[in-house]
Amino acid sequence: MGRAGSGLHLPVLRRLRTAADSAHLFAPAPILAVDPHRRPGAAADLRPVSLAEAPRLADPADTVVHLCTPPTERVAALDTLGRLGYRRILLEKPFAADAAGLDELLALRERHGLDLVVVAQWLGSRLTDRLRAALTSGAYGPLRTIHVVQRKPRFSRSLAGDGHPTAFDIELPHSLGLCLSLAGPGRVTGAGGTDMVVGGRVLPRLGTAWLNLQHESGAWTRIRSDLTSPVRERRVTLELAHGTLIGHFPGSEADAYARLTVIDHDGESTELLHDDSLSTFLHRVYAYFAAGGAAGGTAGGVHHPHPDLAVNSQVVRLLDQAKTIAAQARETQAREAQAQVRDAQVRDAQVRDAQTHDVQRRATAAR
């Protein structure tokens, strides 16, 4: 389960299992909770079990698995689930830690016939729906730029080490997927980041992360994430030919309201949107699985992947490119810094030699 399973998924599942419009999507049996690190507390609707016990308690063919392991541990876990007969699997973002890991997961999908869905609730949020509708309508002209700012303090979890290797793997999967869904495919043109420093301890690449993306549509994206910020903010700004749309996603699971501000030739307007995006996302996913998932409505046994799988795959590949670019930039900066130190040392030595020579010259002249 981990934090995502117990703190995010479980509360939403409990609400959906009792809601009038979604209860029919769930069996009345307790949720089976597997956590190899810390056994969850039992409840009337929650039964802690081992992974070996789970297939005997619920038929894998009729079970949806929420795989909330860190991306660096996901390949082995997914292979085990596939061997046990599970096919319908929700993966916490990011889909994979890098392109190599993504290829392994996609190979497992083919080998075991898995129906994979990545938890990317921004793609189905009400705010995203409104932004997408505004672009489709053409009311504000063509899209020119997208600016995303993601800020939050994330010191304790980073210090604890939760399997996310860089700041690129934490907030950017949400925002990059959003930008790709709004503006289409693109390529990374620049990226960078910084370390997190806490009490003298340096956590490499876990401070800030940024990337620039040039879309094939002609628009470009700029994403900035800061995990050392004292405040929370998830803001997206769309600049169009005849207007600007500014969206604020809920800052955390503690609130479920987004805000949309529209600035155009008529002035400025703002509205609040109830946007419990994870609940909406999970409702849609369970309805997708109930309708047959990847096999639903297909002919000849052909299985088509979940509609968002391609975007989430592209997110991993672009983030992998961004991390490579950022690493190269860090290496260049390190070499330049070393060169500057060496140059400074040479200059200091030259100054000392000159001073020594001057002292000797003065002493000779005095004699």
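The figures here come from the full heavy-atom set of this structure, side chains too, leaving out hydrogens, waters and symmetry mates. Residue numbers run from 1 in the order of the sequence given. Bear in mind the structure is a predicted one, so any value in this text is a computation, not a measurement.
- Applying the under-4.5 Å side-chain rule to Ile, Leu, Val, Met, Phe, Trp and Tyr, the cluster around Val49 extends to Leu32, Val34, Leu51, Leu57, Val65, Leu67, Val75, Leu78, Leu81, Leu84, Tyr86, Ile89, Leu91, Phe95, Leu102, Leu105, Leu106, Leu108, Leu114, Leu116, Val118, Leu309, Val316.
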Original post:
Which is it for Gln214 and Thr189 under the side chain to side chain donor-acceptor pair (under 3.5 Å) test, yes or no, and what are the steps along the way?
Top reply: CA-CA 7 Å; Gln214 178 66 60; Thr189 60; over 6 Å; no
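- Legend: residues meeting salt bridge (Lys or Arg N to Asp or Glu O under 4.0 Å) with Asp59, ordered by chain and number and at least two apart, are absent.
- Residue Tyr140 forms a side chain to side chain contact (heavy atoms under 4.5 Å, CB included) with just one option from Leu135, Thr244, Val262, and that option is Val262.
- Side-chain atoms of Gln150 and Ser175 form a donor-acceptor pair, as typed in the model, at a separation below 3.5 Å.
- A donor-acceptor contact closer than 3.5 angstrom links the side chains of Asp169 and Thr166.
- Val346 belongs to no hydrophobic cluster, as no Ile, Leu, Val, Met, Phe, Trp or Tyr side chain comes under 4.5 Å of its own.
- Applying the side chain to side chain donor-acceptor pair (under 3.5 Å) rule to pairs touching residues 31-48 yields Arg14-Asp45, sequence neighbours excluded.
- Looking only at side-chain heavy atoms (C-beta outward), Thr128 and Asp275 stay at 4.5 Å or farther from each other.
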**OP:** Give the intermediate values and the outcome of side chain to side chain donor-acceptor pair (under 3.5 Å) for residues Asp226 and Thr228.
**Re:** CA-CA 6 Å; Asp226 183 0; Thr228 66; 2.6 Å; yes
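- Apart from Trp210 itself, the hydrophobic cluster it occupies contains nothing, where clustering links Ile, Leu, Val, Met, Phe, Trp and Tyr at side-chain heavy-atom distances under 4.5 Å.
- A search for salt bridge (Lys or Arg N to Asp or Glu O under 4.0 Å) contacts involving Arg235 returns Glu233, not counting sequence neighbours.
- His164 is listed as a side-chain neighbour of Pro94, based on a closest heavy-atom distance under 4.5 Å.
- Residues meeting the side-chain hydrogen bond (donor to acceptor under 3.5 Å, both in side chains) test with Arg317, sequence neighbours left out: Asp103.
- Below 30°, between 30° and 60°, or above 60°: for Tyr288 and His306 the angle between ring planes is above 60°, a perpendicular geometry.
- Taking 4.5 Å as the limit, some side-chain heavy atom of Asp21 sits within range of a side-chain heavy atom of His283.
- Other members of the cluster containing Val359 do not exist, because no ILVMFWY side chain is joined to it at under 4.5 Å.
- Counting heavy atoms from C-beta on, the side chains of Thr280 and Arg126 never come closer than 4.5 Å.
- With sequence neighbours left out, Ser50 forms a side-chain hydrogen bond (donor to acceptor under 3.5 Å, both in side chains) with Glu53.
- In this structure Asp264 satisfies the salt bridge (Lys or Arg N to Asp or Glu O under 4.0 Å) test with no other residue, sequence neighbours excluded.
- Phe281 places a side-chain heavy atom less than 4.5 Å from the side chain of Val117.
- Qualifying ring-ring contact (aromatic ring centres under 6.0 Å, His included) partners for Phe26, counting only residues two or more places apart in sequence or in other chains: Tyr286.
- For Arg111, the side-chain hydrogen bond (donor to acceptor under 3.5 Å, both in side chains) test picks out no residue, with sequence neighbours left out.
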